[in-house]
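Side-chain atoms are counted along with the backbone in the values below, which use heavy atoms only and exclude waters and symmetry mates.
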Amino acid sequence: MSAAEIRGIQDSKLRHMLALCRRGHAYYQQAWAGVDLDAIRGIDDLWRLPLTPKKALMDQPLAFRLDCPDLPVAERALWEVVHTTGSSGDPTPIYNTTLDYHGYLLLNRRVAEIAGINDRDVIANLFPLTAASMGAFMRSSTLAYAAGASVAAALGGAPVGPFGVQKPMEEAVRLVERHRATVLWGVTSFIRRVLIRAQDIGADFRSVRMCAVTGEASSPALREDLRRLMRELGAAGSIVFDRYGSTESGGLAQCHEEADWHNPAPELLHHEVVDPDTGRPLPDGERGPLAITHLDRRGTVLMRYLVGDIVSLDRRTCPHCGRSGERVVGPIVRTKDLLKVKGMLINPAALLGSMQSVEGLDEFQVVVDRMDPADPFSMDELILRIAPRGEPIAASAAVLAAVQATIGVRPRVVVEERLAIYDPSRETKAVRFVDRRQH
């Protein structure tokens, strides 16, 4: 479709979504008091609505669930509840009706088409089985259904409850081998550990052609390390599909490696980059906070919701695949992540990227602490915990040089065992950055 055709569909759906929210959305009925909703005729008028902070959804998730009892059954029947995986506190529930789940099927069918996943693939779901239903765990099967692919779940993760259904990492490796999986889908750090463990035990990963990674930020260096591991295992391919998205919105897709992220369903979801002070949309190509608007949902509904990332947008036709619709352009920077260490403002993503570029590290973690934790006025200290594969002294020197060159702060390097830094049997994903200072 042309941009004008897409915009026409979006405008019509937005008007309907606003009408539903006016009738049955507790949060927006209060937040939009004083807003002339009749003046909002389409996407170009979205600026009239206030931005929705993430904390509002975390504090009162039920207030974001649409309540219109006269809707058809498919639009109000609860199909599932999935949860975001926040870094602290209870996970936030996202309510999906039957209509919403069917929308996910449509979105995931297009994600599969864009990423090159088809009905001949066998997907190994390597996401952990968590205490609350993890969106990514649930969506791997949704994508398989939509693409006509097969899927098998490793059921890893820390033990939850008395039934003992979670399995160790070796079982994940054997599942890939046994089912001749072609696509490994999971959290980046865990997939890397699965590949390393496959090397350790000599597993047959020749069927694997793609790693589909998500759930945490990854640098080009880390993705290249995944490709290296796949090549060393004799895998059929070494594609790394870096999925971007959220439980609140669903996934976006790259049409080729290291590319921008396509919005696969612009009739379901609108993206804008906004000025956080005025709420006005910024021009394409200009970086700022990303806000999403649901255009056709009946469960949890979010309008101009700030996802917490700094990006830019490109609405021109994709030069690689010719698709229209907006693309999210990186680098993606989490707005909550910028912080001061020893008086210097640093970007943890850049710091972690420098660590990932150092060869020969099995695991690592960056820790910010006080030199004297008991003294609230003590100077900051940057600590690098590393588990090198080779000579510790050489690895320590390489890490020290890389980090100091990137952020201008001299760290202290501590060598540890890799399981002391990240134990996949106990943690959903590797915690790469920890700030222990008391604020």
S.K.: Answer whether the closest heavy-atom distance between the side chains of M17 and L295 falls below 4.5 Å.
M.R.: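 Not in contact.
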
S.K.: Determine, step by step, whether Q166 and T130 satisfy the side chain to side chain contact (heavy atoms under 4.5 Å, CB included) criterion, reporting the C-alpha distance in whole Å, the side-chain angles of both residues, the deciding distance to 0.1 Å, and the verdict.
M.R.: CA-CA 9 Å; Q166 279 86 357; T130 48; over 6 Å; no

S.K.: Determine, stepwise, if the pair Y28 / F64 fulfils ring-ring contact (aromatic ring centres under 6.0 Å, His included).
M.R.: CA-CA 8 Å; Y28 289 129; F64 284 85; 5.7 Å; yes

S.K.: Decide, yes or no, whether a salt bridge links D100 with R65 under the criterion of side-chain N to carboxylate O below 4.0 Å.
M.R.: no

S.K.: Test your reading of the model: is there a side-chain donor-acceptor pair from N125 to the backbone of G186, 3.5 Å cut-off?
M.R.: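 No, N125 side chain to G186 backbone: no donor-acceptor pair under 3.5 Å.
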
S.K.: Between D284 and R315, does a salt bridge (Lys or Arg N to Asp or Glu O under 4.0 Å) hold up when you go through it step by step?
M.R.: CA-CA 7 Å; D284 288 351; R315 300 180 197 276; 3.2 Å; yes

S.K.: Could you check whether any side-chain heavy atom of V208 comes within less than 4.5 Å of a side-chain heavy atom of M230, counting everything from C-beta outward?
M.R.: yes

S.K.: Verify the distance criterion only: is there a donor paired with an acceptor across the side chains of Y422 and Q365 at less than 3.5 Å?
M.R.: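 Distance-only check fails for Y422 and Q365.
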
S.K.: Between S354 and S357, do the side chains contain a donor N or O and an acceptor N or O under 3.5 Å apart?
M.R.: no

S.K.: Please evaluate residues E170 and R174 with respect to the criterion salt bridge (Lys or Arg N to Asp or Glu O under 4.0 Å), reporting the C-alpha separation (whole Å), side-chain torsions for both, the decisive distance (0.1 Å), and the verdict.
M.R.: CA-CA 6 Å; E170 282 73 13; R174 294 308 182 191; over 6 Å; no

S.K.: Decide yes or no for L226 and V213: does some side-chain heavy atom of the first lie under 4.5 Å from some side-chain heavy atom of the second?
M.R.: yes

S.K.: Pair R192, D225 - check salt bridge (Lys or Arg N to Asp or Glu O under 4.0 Å), show working.
M.R.: CA-CA 8 Å; R192 181 174 179 271; D225 193 51; 2.9 Å; yes

S.K.: In Å, rounded to the nearest 0.5 Å, how long is the span from CZ of R327 to CG of D260?
M.R.: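 Rounded to the nearest 0.5 Å, the CZ-CG separation comes to 5.0 Å.
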
S.K.: Do R385 and F364 form a cation-pi contact, if we require the NZ or CZ to be under 6.0 Å from the six-membered ring centre and within 45 degrees of the ring's axis?
M.R.: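 No.
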
S.K.: Determine, for R209 against D121, whether the closest basic-nitrogen to carboxylate-oxygen distance falls under 4.0 angstrom.
M.R.: yes

S.K.: Do side-chain atoms of N96 reach the backbone of W79 as a donor and acceptor pair under 3.5 angstrom?
M.R.: no

S.K.: Would you call R223-D242 a salt bridge at under 4.0 Å N-O?
M.R.: yes

S.K.: Testing the 3.5 Å rule here: is there a donor-acceptor pair between the side chains of T142 and N108?
M.R.: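 There is no such pair between these side chains.
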
S.K.: With a 3.5 Å distance limit and no angle check, can you tell me whether T84 reaches the backbone of T247 through a side-chain donor-acceptor pair?
M.R.: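 Side chain of T84 to backbone of T247, a donor-acceptor pair under 3.5 Å: no, none is there.
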
S.K.: To the nearest 0.5 Å, what is the distance between CZ on R48 and CZ on R304?
M.R.: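 Going from CZ on R48 over to CZ on R304, the span is 11.5 Å.
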
S.K.: With a 3.5 Å distance limit and no angle check, can you tell me whether R197 reaches the backbone of V173 through a side-chain donor-acceptor pair?
M.R.: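 A pair under 3.5 Å: no.
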
S.K.: Could you tell me which residues satisfy side-chain contact (heavy atoms from CB on, under 4.5 Å) with E267, sequence neighbours excluded, listed by chain and number?
M.R.: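 Expected list: I9, K13, L106, R110, A265.
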
S.K.: Taking it one step at a time, do L306 and T52 satisfy side chain to side chain contact (heavy atoms under 4.5 Å, CB included)?
M.R.: CA-CA 6 Å; L306 294 165; T52 303; over 6 Å; no

S.K.: Check the angle between the aromatic planes of W185 and F241 and answer parallel, tilted or perpendicular using the 30° and 60° thresholds.
M.R.: perpendicular

S.K.: Please check if the side chain of S249 supplies one atom and the backbone of G245 the other of a donor-acceptor pair under 3.5 Å.
M.R.: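 No, because the side chain of S249 does not come within donor-acceptor range (under 3.5 Å) of the backbone of G245.
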
S.K.: Counting C-beta onward and ignoring hydrogens, is there a side-chain heavy-atom pair between R180 and D204 closer than 4.5 Å?
M.R.: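 Answer yes - side chains close enough.
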
S.K.: Please test L143 against I123 for side chain to side chain contact (heavy atoms under 4.5 Å, CB included), starting from the C-alpha separation and ending with a verdict.
M.R.: CA-CA 9 Å; L143 183 136; I123 299 172; 3.7 Å; yes

S.K.: Between H294 (side chain only) and E248 (backbone N and O only), is there a donor and an acceptor less than 3.5 Å apart?
M.R.: yes

S.K.: Which word best sums up how the rings of Y27 and H25 line up, parallel for under 30°, tilted for 30 to 60°, or perpendicular for over 60°?
M.R.: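 Correct class here is perpendicular.
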
S.K.: Is there a side-chain contact between E286 and V273, using heavy atoms and a 4.5 Å cut-off?
M.R.: no

S.K.: Taking side chain as C-beta onward, heavy atoms only, is I6 less than 4.5 Å from S324?
M.R.: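 Yes, side chains in contact.
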
S.K.: Establish, from distance only, whether the side-chain atoms of R227 and S238 form a donor-acceptor pair under 3.5 Å.
M.R.: no

S.K.: Got a salt bridge between D275 and R280, using NZ or NE/NH1/NH2 to carboxylate O under 4.0 Å?
M.R.: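 Answer for the salt bridge query: no.
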
